[in-house]
Amino acid sequence: MSYDHQRIDKKWQSAWEKAGIFHAKDEDSREKFYALVEFPYPSGAGLHVGHPRSYTAMDVIARKKRMEGKNVLFPMGWDAFGLPAENYAIKTGVHPAITTKENINTFRRQLQSIGFSFDWSREFSTTDPAYYKWTQWMFLQFFKAGLAYKAKAMINWCPKDKCGLANEEVIGGNCERCGTPVEKREKEQWMIAITKYADRLLADLDTVDYLPKIKKQQQDWIGRSEGAEIDFDDIKVFTTRPDTILGATFVVLAPEHPMVGALTTDGCRAEVEEYIALVSKKTDIERGDDTKEKTGVFTGSFVVNPANNEKVPVWIADYVVVNYGTGAIMAVPEHDERDHAFAEKYDLPIVDRPLLSFDEALKKTGGRKKVTYKLRDWVFSRQRYWGEPIPLVHCEDCASTGSAPDGWVAVPDEDLPVLLPDVKKYEPTDNGESPLSSIKSFVNTKCPKCGGAATRETDTMPNWAGSSWYFLRYIDPKNDEAFASKEKLKHWMPVDVYNGGMEHTTLHLLYSRFWNKFLFDQGFVTTSEPYARRHSHGLIMADDGTKMSKSKGNVVNPDDIVAEFGADTFRMYIMFMGPFEEPVPWSTNGVVGVRRFLDRVARLPEMIAETENASVTKVLHKTIAKVTKDIDDFSFNTAVAAYMAFVNVVYASGRVTKQTVVQFLMLLAPFAPHLANELYETIGGTGFAEVQPWPVSNATLAADDELTIAVQVNGKLRGSIVVSADMNEADLIVAAKAEPNVAKYVIDEPKKTIVVKGKIVNFVV
RNA sequence: GCCGUGGUGGCGGAAUGGUAUACGCGACGGACUCAAAAUCCGUUCCCCGCAAGGGGUUGAGGGUUCGAGUCCCUCCCGCGGCACCA
């Protein structure tokens with residue numbers, strides 16, 4: 001009998017839905033377990049095979065935890081603000097809300113067809129006004145705490161998306177979304193002071209269980225370095241090597257440094273202005289290219305090196321960046337490669353002077369210890385339509401009376417959400433204004449504070465806003481009084497295991513940790529860290545090892561695999577294809593292999609007998625132990641291999657007891673839940689597999705009574721002997737020596753005999 | 001350039017310092033069949049050998065160890081992150 005996957009998949013999916021067995025209960029005496037996957041952006045292309053890799057892994061874990069008696073929360077929702085829906089609207093005129101709704105329906109249908117055990121009763125989208133009401137409310141908490149501020153700053157600007165970007169959204173000098181090289185633009189932007197949390201975001205990594213590479217990447221991104229700030233007259237420089245200060249023969253400012261104008265002498269002004277104009281035209285990539293020759297220009301001014309009172313010239317060069325340290329450096333050509341190259345090119349002195357100690361240098365110069373971070377504040381404004389409106393009003397009157405500093409007034413809580421208005425045109429503008437700015441009825445409003453005429457902020461939030469706190473909303477998704485009740489937060493947080501892509505390590509993962517910490521400080525959430533454990537999955541590549549892409553036409557659609565081979569085959573193959581953290585190529589042949597395995601499983605009921613070989617019982621208990629451990633370790637591929645090995649043993653033996661089959665089906669249920677339920681029902685089981693207890697390995701039954709011991713001579717394998725497991729060491733050595741082939745090599749008494757229990761006897765002769 | 005990570009059959013991959021190549025794919029052979037498919041059973045790292053057995057093999061070269069895919073050193077290649085961050 002080969003199994004009819006289409007019938008079975010549907011049957012059990014609707015049975016689960018009807019019984020509501022995946023609904024997490026807020027009041028429950030069982031221990032809670034919160035399993036989280038990154039919620040998807042519901043794109044028009046539908047689900048990609050990459051999505052289910054993460055979802056299947058966490059579904060396996062969630063299903064196992066339920067069988068182990070945990071109260072599991074495993075939710076799903078939609079991160080639906082973002083550019084593709086907006087760009088589609090520009091092309092077709094269809095409102096993003098409509099496309100988003102359609103795409104969500106497609107995604108939901110696809111996810112349900114794979115049989116994920118999500119609690120659909122908690123589903124929401126970040127674009128729901130009932131949700132973004134709280135995103136806006138949280139932004140106002142940042143604003144009220146002084147952490148959200150509007151500032152004129154050089155920001156990253158994507159000329160294609162016509163939108164400002166956060167530093168985290170610039171990948172290798174290119175726009176994270178579209179790959180276009182970013183430009184620098186000076187713009188007034190809402191910023192959030194994530195840098196105030198730099199030290200805690202770094203230090204608290206010690207309190208969480210993240211993959212080491214994830215921690216490392218966050219540490220590098222935060223980029224803490226200890227050094228000193230030292231005054232060369234009015235110029236403050238930052239250095240990690242104050243000990244080298246006697247060799248500092250010039251000072252370099254970044255071209256954007258505020259003191260450049262004042263320091264430039266009339267004689268040098270034309271040249272300096274020309275240089276600054278030249279630099280401002282460069283993209284980040286051009287400027288960051290350290291293989292190119294360094295360029296710079298002399299300001300005409302000199303300052304005093306406080307360590308030796310020597311006059312040193314002040315230069316401007318774009319190898320110094322304005323927003324790190326103080327934007328100014330002391331150049332020590334003798335100790336720094338870059339300074340050396342620059343000094344050689346412009347014929348500046350290179351001197352070898354003795355080193356001071358760190359403290360000596362500070363004392364001599366009046367310098368201060370200083371810690372600097374590479375992390376920058378979060379650029380939070382976007383000049384696009386399809387995002388949460390920033391809930392602030394600008395009032396000139398309040399600005400002039402001083403009742404609202406800079407005139408920015410928060411929209412009162414009772415007026416939230418500030419709804420996204422309908423527009424006719426979605427096009428972003430070249431002048432960097434949001435499309436919302438052309439809607440008079442939205443822009444013109446009354447000041448909540450003084451009642452006078454005022455205008456709304458027209459920038460929207462980045463798509464990272466809604467995803468920064470969604471894990472909190474799942475806990476209490478229908479609450480209208482708060483984003484989530486304190487009691488429920490206390491019950492469910494933190495997330496026990498969170499899986500997602502490495503590409504979010506310095507974006508979503510960092511932002512949401514920060515966001516949660518802020519809410520914690522304000523007393524709104526109960527844990528300082530949102531995720532106790534973080535894991536990540538590798539990309540699924542096309543069968544030729546390249547990235548799947550629509551343009552190459554090598555994208556695998558999960559629908560096709562589910563329809564042809566069944567949901568369980570799809571799930572198990574995705575888990576079997578390779579180590580979970582590594583990128584792996586898709587192989588349709590591999591899918592066929594897993595389907596063959598499930599066909600073999602489907603025939604197990606035909607082999608049921610009154611008794612079974614001891615080898616079958618033994619391998620069952622070994623398999624239970626291995627699979628249990630492998631799932632906990634995210635080692636899903638070897639768990640699947642263990643299932644296959646078990647079935648191979650049963651086939652070789654030809655018979656198996658019903659009891660063993662039931663145990664095996666329960667063990668299989670997290671990976672292949674539809675087939676496990678069907679077969680369980682076929683052999684007379686009652687109730688869902690999902691509510692059966694997780695099988696327990698019996699160590700006595702799993703133990704071997706006979707062992708194969710490898711016998712080595714000088715570390716080289718010369719034979720093997722089968723002995724009873726309880727044989728003592730002396731007898732074992734005698735038996736090993738007696739092995740005929742070994743005896744040829746071991747004639748005299750061995751110099752040394754090494755016995756590795758249960759594995760090896762090694763004679764050194 | 002710096003940091004991290006990896007390199008194992010024809011392919012995807014497995015292996016707490018202890019029998020390298022589990023499991024799957026592919027290939028080959030057999031059974032079943034009028035035949036094919038499906039299924040079931042075998043074989044499948046390389047070399048020598050009828051066999052017993054022997055030799056070699058985890059990117060290259062050294063080392064530590066009774067024993068190294070695993071640990072250490074040097075080098076080569078792939079992937080990821082950061083990238084003039086002072």
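When reading the values below, keep in mind they use all heavy atoms of this one structure, side chains included, and skip hydrogens, waters and symmetry mates. Chain letters run A, B, ... following the sequence lines, proteins first and then strands; every chain starts at 1.
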Undergrad: Say you pick atom C1' in B:rC45 and the same atom in B:rG13; how far apart are they, in whole Å?
TA: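 Nearest-Å result for B:rC45 against B:rG13 at atom C1': 15 Å.
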Undergrad: What interatomic distance, in whole Å, is found between C1' of B:rU5 and the corresponding atom of B:rG56?
TA: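 Nearest-Å result for B:rG56 against B:rU5 at atom C1': 30 Å.
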Undergrad: Within the 4.0 Å heavy-atom criterion, would you say A:Lys716 contacts the bases, only the backbone, or no part of the nucleic acid?
TA: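 Contact class for A:Lys716: sugar-phosphate only.
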Undergrad: Could you give the distance separating B:rG9 and B:rG69 at their C1' atoms, to the nearest angstrom?
TA: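 To the nearest whole Å, 14 Å.
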Undergrad: Base of B:rG9 relative to its sugar, syn (within 90° of 0) or anti?
TA: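 Here the answer is syn: the torsion falls within 90° of 0.
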Undergrad: May I ask you to decide if the ring planes of A:Trp464 and A:Tyr511 are parallel, tilted or perpendicular, using 30° and 60° as cut-offs?
TA: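 Judged by the thresholds at 30° and 60°, the geometry between A:Trp464 and A:Tyr511 is tilted.
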Undergrad: If you compare every side-chain N and O of A:Arg718 against the phosphate oxygens of B:rG53 (OP1, OP2), does one of them come in below 4.0 Å?
TA: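 No, no such contact exists.
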Undergrad: Can you see if the side chain of A:Tyr651 gets near the phosphate of B:rC41 - specifically, an N or O under 4.0 Å from OP1 or OP2?
TA: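 Checking B:rC41 against A:Tyr651, no side-chain N or O comes under 4.0 Å of OP1 or OP2.
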Undergrad: Between A:Asn589 and A:Ser587, does any side-chain donor sit less than 3.5 Å from a side-chain acceptor?
TA: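 No, no side-chain donor-acceptor contact under 3.5 Å.
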Undergrad: Between A:Trp586 and A:Tyr573, how do the two ring planes meet: parallel, tilted or perpendicular, split at 30° and 60°?
TA: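 Judged by the thresholds at 30° and 60°, the geometry between A:Trp586 and A:Tyr573 is perpendicular.
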Undergrad: In B/S/- notation, 5' to 3', how is nucleotides 19-27 of chain B contacted by protein heavy atoms closer than 4.0 Å?
TA: B--BBSSS-
Undergrad: Within the pair A:Lys752 and B:rC66, is there a side-chain N or O less than 4.0 Å away from OP1 or OP2?
TA: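 For B:rC66, OP1 or OP2 has a side-chain N or O of A:Lys752 closer than 4.0 Å.
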Undergrad: Would you mind classifying the nucleic acid contact of A:Val320 as base, sugar-phosphate or nothing, using non-hydrogen atoms under 4.0 angstrom?
TA: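 If one applies the 4.0 Å heavy-atom cut-off, A:Val320 turns out to touch a base.
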Undergrad: Please figure out whether A:Tyr573 or A:Val756 has its closest RNA chain B nucleotide nearer the 5' end.
TA: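 So the residue in question is A:Tyr573.
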